[in-house]
Amino acid sequence: MYDINSLPRLIREDVAYGEANFPPIPAEPPDVVAADPGWNKQWLAVQDLLRRKTHADLSTWEPARKRLLGRYLGASGHIELSLIVGGCSYASSLYEMPAAWRTCIIKMAHQDMQHAASYMTRGSYMSGEDLWSGTEVKFEDLVASVQPILRRDLGGFFAVVGLHTEAYPAETNILEPFMYDEVLAKWFTNEIAEEAGHLDFLFPAIREYLNSGSAGEQEQKKRRMVADNEELMEIILAANQRNAERFLVGKLGLDKTVLQAFAHIPERTRYIYDRIGLERGYWPASLRQGVATDPTDASIADIDQS
């Protein structure tokens, strides 16, 4: 059985505190959440699940199903720790950037480290296994597949962590596996507020990064950002959708309606690109369909023909 005392003292008290002390849940989404339609929608969905006390359903689950959910939470924690916390640590250490950016990235790492710790801890209690020591769910290949982009330069970091661990999850994050646990459920609106706060920094920072340097450098950065994002959709978003279909629905037995989380990726992409200052002439043709073109975009070459 899992024992929290197996954790090093340096983090044990923080983890134990989060198990027994919960943040207030305001009646309305905070401003930083309300400013982002994706995170705002998720915040309201969490409120609805809390009202329905979804975590109470867990008492009726068979032990084998609880173990599956626990391992899912444990794997989610390890991915967050390896991909986001590791990525932020790498970028903040090795890339040149303003001091305020470095500070924000380190704070992001700390907050996501706490999220990861809560997932691994609650998953351990649920499964009866010490998931801090590892999990049977394989995630290393996913993390390794994005490292060439993440560790290439600051733009690669922004693509992997800024877009795919912070911006897209506002649309594609499936809440139910986390809301089944009564501790995670009580922290989730706070977690959403932290994630929205990350974007409050990331969107302006990415915009500034893309629009800095010579005209040629800006052109190259913007084209690379779109190319990175297209590649990461095939790696991260596609993997998340397969996992949702095969594991959350196929094994854990969640209703197929959870897959609707992936129904609005093009709309989310348009929103992200607008927020980071990517002129529409850089967008793939599929995204520009039915979207009015700004006159200032007319001189930009179509990326599909580059």
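Under a hydrophobic clustering in which Ile, Leu, Val, Met, Phe, Trp and Tyr are joined whenever their side-chain heavy atoms come within less than 4.5 Å, directly or via other members, Leu131 and Tyr119 fall into different clusters. Clustering ILVMFWY residues whenever any of their side-chain heavy atoms sit less than 4.5 angstrom apart, transitively, puts Val183 in a cluster other than the one holding Leu50. Grouping the Ile, Leu, Val, Met, Phe, Trp and Tyr side chains by contacts below 4.5 angstrom, directly or via other members, places Val46 with Ile25. Grouping the Ile, Leu, Val, Met, Phe, Trp and Tyr side chains by contacts below 4.5 angstrom, directly or via other members, places Ile106 apart from Tyr209. Connection of Ile84 to Leu94 is established within a shared hydrophobic cluster, with ILVMFWY side chains joined at heavy-atom distances below 4.5 Å, either directly or through further cluster members.
Across all their heavy atoms, Ala45 and Leu175 have their closest contact at CB-CD1, 3.6 Å. Closest non-hydrogen pair, Gly70 versus Ser127, comes out as CA-CB, 4.2 Å. The heavy-atom pair separating Ala239 from Ile235 by the smallest distance is CB-O, 3.0 Å. The minimum heavy-atom distance linking Ile149 with Val160 is given by the pair CG2-CG2, 3.7 Å. Pro177 and Leu73 make their closest contact through O-CD2, 3.8 Å (heavy atoms, listed as atom of the first residue, atom of the second, distance). Closest of all the heavy-atom pairs between Ser212 and Lys221 is OG-NZ, 2.9 Å.
A donor-acceptor distance shorter than 3.5 angstrom exists from the side chain of Asp181 to the backbone of Leu184, with no hydrogens or angles considered. Side-chain N or O atoms of Asn40 include none that pairs as donor or acceptor with a backbone N or O of Asp36 at under 3.5 Å. Side chain of Trp39 to main chain of Ala34: no donor-acceptor pair is present (N/O by atom type, distance under 3.5 Å, no hydrogens or angles). Distance alone, capped at 3.5 Å, places no donor-acceptor pair between the Glu166 side chain and the Leu199 backbone. Side chain of Glu194 to backbone of Asp112: no donor-acceptor contact under 3.5 angstrom is found. Side chain of His110 to main chain of Ile105: no donor-acceptor pair is present (N/O by atom type, distance under 3.5 Å, no hydrogens or angles).
Remark: Asn229 engages Leu163, His164, Tyr168, Met233, Thr269, Tyr273 in a side-chain contact (heavy atoms from CB on, under 4.5 Å) (not counting sequence neighbours). Residues passing the side-chain contact (heavy atoms from CB on, under 4.5 Å) test with Glu171 are Lys41, His264, Arg268, sequence neighbours excluded. Applying the salt bridge (Lys or Arg N to Asp or Glu O under 4.0 Å) rule to Arg152 yields the partners Asp228; only residues at least two apart in sequence or on another chain are considered. Applying the side-chain contact (heavy atoms from CB on, under 4.5 Å) criterion to Pro148, with sequence neighbours excluded, gives no partner residue. Residues that satisfy the salt bridge (Lys or Arg N to Asp or Glu O under 4.0 Å) test with Glu19, not counting sequence neighbours, are Arg122. Listed by chain and number, the residues in a side-chain contact (heavy atoms from CB on, under 4.5 Å) with Pro204 amount to none (sequence neighbours excluded). For Asp274, the salt bridge (Lys or Arg N to Asp or Glu O under 4.0 Å) partners at least two apart in sequence or on another chain are Arg280.
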Inset, instruction - Assess whether side chain to side chain contact (heavy atoms under 4.5 Å, CB included) is satisfied between Leu210 and Gln218, documenting all intermediate values. - result: CA-CA 6 Å; Leu210 292 176; Gln218 293 179 37; over 6 Å; no

Legend entry - Test log, rule side chain to side chain donor-acceptor pair (under 3.5 Å), inputs Gln111 and His198: CA-CA 10 Å; Gln111 291 179 336; His198 297 172; 2.7 Å; yes

Inset, instruction - Go through Ser6 and Asp3 one step at a time and tell me if the side chain to side chain donor-acceptor pair (under 3.5 Å) criterion holds. - result: CA-CA 6 Å; Ser6 64; Asp3 182 2; over 6 Å; no

Legend entry - Ile206 and Phe157: CA distance, side-chain angles, deciding distance, side chain to side chain contact (heavy atoms under 4.5 Å, CB included) verdict: CA-CA 10 Å; Ile206 297 173; Phe157 165 77; over 6 Å; no

Inset, instruction - Determine, stepwise, if the pair Phe188 / Trp43 fulfils side chain to side chain contact (heavy atoms under 4.5 Å, CB included). - result: CA-CA 8 Å; Phe188 223 73; Trp43 199 96; over 6 Å; no

Less than 3.5 Å apart, which donor and acceptor atoms pair up between the side chains of residues 241-259 and the rest of the protein, not counting sequence neighbours?
from	atom 1	to	atom 2	distance (Å)
Asp255	OD1	Thr257	N	2.9
Asp255	OD1	Thr257	OG1	2.9

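Screening residues 90-105 for side chain to side chain donor-acceptor pair (under 3.5 Å) gives no qualifying pairs among residues at least two apart or on separate chains. Within the structure, salt bridge (Lys or Arg N to Asp or Glu O under 4.0 Å) contacts touching residues 201-217 (residues at least two apart or in different chains) do not occur. Applying the salt bridge (Lys or Arg N to Asp or Glu O under 4.0 Å) definition to pairs two or more places apart or across chains, those involving residues 69-93 are Arg71-Glu129, Arg71-Glu136.
Put simply, the side chain of Leu237 does not reach to within 4.5 Å of the side chain of Leu232, judged on heavy atoms. The shortest side-chain heavy-atom distance between Pro23 and Trp187 falls under the 4.5 Å cut-off.
In this structure, CG on Asn173 lies 11.5 Å from OG1 on Thr165, to the nearest 0.5 angstrom. From Phe22, atom CZ reaches atom NZ of Lys186 across 4.5 Å, with rounding to the nearest 0.5 Å.
Applying the 6.0 Å contact sphere to NZ of Lys107 captures no more than 12 heavy atoms from other residues, nucleotides or ligands.
Residues Glu195 and His115 have side chains that bring a donor and an acceptor to within less than 3.5 angstrom of each other.
Results of the side chain to side chain donor-acceptor pair (under 3.5 Å) test with Tyr282 over Glu219, Arg223, Lys222 single out Glu219 as the only residue that passes.
Ile11 belongs to a hydrophobic cluster whose other members, connected by ILVMFWY side-chain contacts under 4.5 Å either directly or through intermediates, are Tyr2, Ile4, Leu7, Val15, Leu81, Val85, Met113, Met120, Tyr125, Trp132.
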